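Below: the structure, in structure tokens.
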There are 2 protein chains.
Amino acid sequence: MPKVVDVEERRKRLVEAVWALAVRGGVEQVTLRKVADEAGVSMGQVQHYYSSMQALVADSLDRAVHAVNTAIEKAVEAAGTASPEVVLRTCLHALVGADEDSVRLMRFSLAVAGRAASDPAMAKVLAPGDEALLAFTAELIGAARRERGSGARGDDRIDEDHIDEDSVNEHSVDDDHIEADICWSLAVSLGVDVALGHRTPEAAGRVLDYHVDQILGGRSRS
Amino acid sequence: MPKVVDVEERRKRLVEAVWALAVRGGVEQVTLRKVADEAGVSMGQVQHYYSSMQALVADSLDRAVHAVNTAIEKAVEAAGTASPEVVLRTCLHALVGADEDSVRLMRFSLAVAGRAASDPAMAKVLAPGDEALLAFTAELIGAARRERGSGARGDDRIDEDHIDEDSVNEHSVDDDHIEADICWSLAVSLGVDVALGHRTPEAAGRVLDYHVDQILGGRSRS
DNA sequence: AATTTTGCGATGCAATCGCATTGCAAAGGC
DNA sequence: GCCTTTGCAATGCGATTGCATCGCAAAATT
């Protein structure tokens with residue numbers, strides 16, 4: 001067994017090159033030679049690690065999606081001990097994040113989404129949040145709603161005490177699930193807008209926060 | 001003045017070919033020869049009507065966006081005399097429509113969105129609903145809210161004079177505007193999911209309806 | 001030291017690309 | 001009937017594409 005190299009490192013480097021190229025000029029700019037050049041390696045190396053262009057792009061998309069998921073998980077455990085409401089806001093905001101990486105991944109995913117429209121294999125990878133994420137988010141929403149419903153009056157008498165009579169606060173678990181679905185759909189849409197430069201991350205974040213305010217019912221947010 | 005032909009008809013035919021090709025295999029499949037072939041004309045004709053490939057794709061996107069807007073307007077005036085709530089639902093549903101055309105346009109827009117990520121000129125065309133549409137939608141939401149708040153019990157007696165009793169129904173105009181923004185963002189996201197085959201038009205419509213139910217506050221919907 | 005196995009640089013190739021160019025046919029205006 | 005102008009078919013060209021192939025270098029095995 002000769003010449004042992006860090007395969008993962010090579011692949012990662014190539015994928016990064018693909019991201020950079022796609023963000024800079026669309027998927028059409030992702031060619032064997034350009035990738036090799038961007039990564040500072042030879043064409044042969046690219047071919048060595050990926051049997052075809054398709055495979056390269058597919059793996060790049062795969063890794064991009066994984067990176068986004070990881071970012072969400074990171075956001076969740078970073079705010080791990082906080083209230084469910086804060087956790088909810090935090091992980092939703094991961095999609096409209098202002099940080100460079102977030103925008104890069106979003107733009108790349110968008111650039112590749114075009115191919116996904118005709119390539120079912122890629123479309124699968126870009127599917128909306130999986131059931132586990134939805135369930136988790138629904139759980140968060142339910143918890144946050146319960147928390148607001150009970151512990152709302154803390155510092156000063158928010159007269160939320162007499163709003164419960166049969167009208168506003170009976171949300172079912174199913175409802176929470178749909179709300180979770182809506183939250184992620186909205187976050188994705190806003191994230192795309194940010195990636196395209198149609199919204200600032202701040203503006204998108206504000207819309208997201210407003211929506212969370214709405215679905216949690218009360219208004220106890222600064 | 002020789003050989004007068006219907007220029008619009010020619011262009012339309014070419015654009016339709018572009019749509020078909022892009023939906024079938026992504027923007028990368030849109031080439032001079034393929035377009036000519038798909039449209040059943042010669043390459044020369046394509047070049048005659050569009051000075052470059054860029055121009056062709058740009059015009060195709062332009063027409064696609066216009067077609068979607070037209071679909072929305074059509075939906076609005078088709079439900080013109082109905083209640084604001086119905087109008088709201090109707091025009092939002094235009095984006096997740098089950099009809100062939102709607103899906104085609106969405107898929108094409110998505111296919112081109114990748115280019116938009118790096119081409120500001122195209123990104124502009126794909127911008128979220130313009131201010132006029134947002135304002136109109138906000139108006140609709142406000143009207144629907146007022147109608148629900150008052151006319152809920154008994155369809156007569158619209159006592160809109162004292163609806164201000166401080167508790168559930170104080171939505172500001174600004175709020176309506178943000179809600180409108182959210183509605184369209186959500187509708188776009190759902191439309192994309194439908195285009196990618198991740199949701200059925202029915203499921204997407206249900207989510208949309210649920211959301212409208214929520215923002216209108218009361219529950220008077222079947 | 002010889003051998004084998006893997007990593008990968010270099011190059012060739014057929015296909016395809018967008019676009020420029022050329023030339024001809026058809027349709028008024030005179 | 002000629003002439004001009006427009007619509008478009010046809011073809012050529014240079015550049016670029018993904019991929020196959022070849023060959024050499026470096027390391028682990030013997």
Side-chain angles (χ1 to χ4, degrees), chain A residues 1-22 24-62 111-112 114-116 118-119 121-122, chain B residues 1-22 24-62 111-112 114-116 118-119 121-122:
Chain A
M1 296 296 203
K3 194 122 167 223
V4 44
V5 299
D6 187 342
V7 175
E8 188 56 21
E9 180 268 335
R10 302 295 161 116
R11 288 216 163 96
K12 181 71 179 161
R13 167 191 290 254
L14 294 177
V15 167
E16 291 261 9
V18 170
W19 289 349
L21 284 172
R24 194 182 311 149
V27 248
E28 67 200 354
Q29 293 296 333
V30 179
T31 70
L32 268 185
R33 294 160 230 268
K34 298 257 189 71
V35 170
D37 202 51
E38 177 81 17
V41 301
S42 76
M43 248 181 67
Q45 186 172 140
V46 183
Q47 290 190 96
H48 183 72
Y49 286 102
Y50 292 98
S51 60
S52 73
M53 202 60 216
Q54 276 235 16
L56 213 199
V57 176
D59 191 44
S60 298
L61 176 60
D62 233 12
V112 165
R115 260 174 162 81
S118 56
D119 183 342
M122 283 198 176
Chain B
M1 305 274 198
K3 193 120 165 222
V4 44
V5 298
D6 187 343
V7 175
E8 188 57 21
E9 180 268 335
R10 302 294 161 120
R11 289 215 163 97
K12 181 73 180 158
R13 168 192 288 251
L14 294 177
V15 167
E16 291 261 8
V18 170
W19 289 350
L21 284 172
R24 194 182 310 149
V27 247
E28 67 199 355
Q29 293 296 334
V30 179
T31 70
L32 267 185
R33 293 160 231 267
K34 298 256 190 70
V35 169
D37 202 51
E38 177 80 18
V41 302
S42 75
M43 248 181 67
Q45 186 171 142
V46 182
Q47 290 190 94
H48 183 72
Y49 286 102
Y50 292 97
S51 59
S52 75
M53 203 59 217
Q54 276 237 15
L56 213 199
V57 176
D59 191 45
S60 297
L61 176 59
D62 233 12
V112 167
R115 261 174 161 81
S118 55
D119 183 342
M122 283 198 176

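Just so we're on the same page: letters track the sequence lines, and every chain starts at 1. As the structure is a computational prediction, the values presented were derived from the model and not from experiment.
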Can you tell me the distance, in whole Å, between the CD atom of Q47(B) and the P atom of dT22(C)?
14 Å
Salt bridge or not between R24(B) and E38(B)? Use side-chain N to carboxylate O under 4.0 Å.
yes
dA20(D) C1' sits how many Å from R33(A) CZ, rounded?
12 Å
Whole Å only: how far is the CG atom of D37(B) from the C1' atom of dT16(C)?
14 Å
E28(B): partners by salt bridge (Lys or Arg N to Asp or Glu O under 4.0 Å), with sequence neighbours left out
R115(A)
Looking at every strand, decide which applies to S52(A) at a 4.0 Å heavy-atom threshold: base, sugar-phosphate, or nothing.
sugar-phosphate
Q29(B) CD to dT16(C) P, straight-line distance once rounded to whole Å:
11 Å
Y49(B) side chain: which of dC8(D), dG18(D), dC19(C) is closest?
dC8(D)
Mark yes when over 12 heavy atoms from residues, nucleotides or ligands other than R13(B) sit less than 6.0 Å from its CZ; otherwise mark no.
no
Between the side-chain atoms of R10(B) and the base atoms of dG7(D), is any donor-acceptor pair under 3.5 Å?
no
M43(A) side-chain proximity, nearest of dC19(C), dC19(D), dC8(C)
dC19(D)
Please say whether the positively charged group of R11(A), taken as NZ for Lys or CZ for Arg, lies over the ring of Y50(A), i.e. under 6.0 angstrom from the six-membered ring centre and within 45 degrees of the axis.
yes
NE2 of H48(B) versus P of dG7(D): gap in Å, rounded?
4 Å
Regarding K12(A) and E8(A), does a basic nitrogen lie under 4.0 Å from an acidic carboxylate oxygen?
no
Rounded to the nearest Å, what distance is computed from the CD atom of residue Q54(B) to the P atom of nucleotide dG18(C)?
12 Å
Contact class for V46(A) vs. all strands (heavy atom < 4.0 Å): base, sugar-phosphate, or nothing?
nothing
At under 4.0 Å between heavy atoms, what does V35(B) touch on the DNA or RNA strands: base, sugar-phosphate, or nothing?
nothing
Using whole Å, report how far CD of E28(B) lies from C1' of dT16(C).
13 Å
Q45(B) atom CD is separated from dG18(C) atom C1', nearest whole Å, by 18 Å
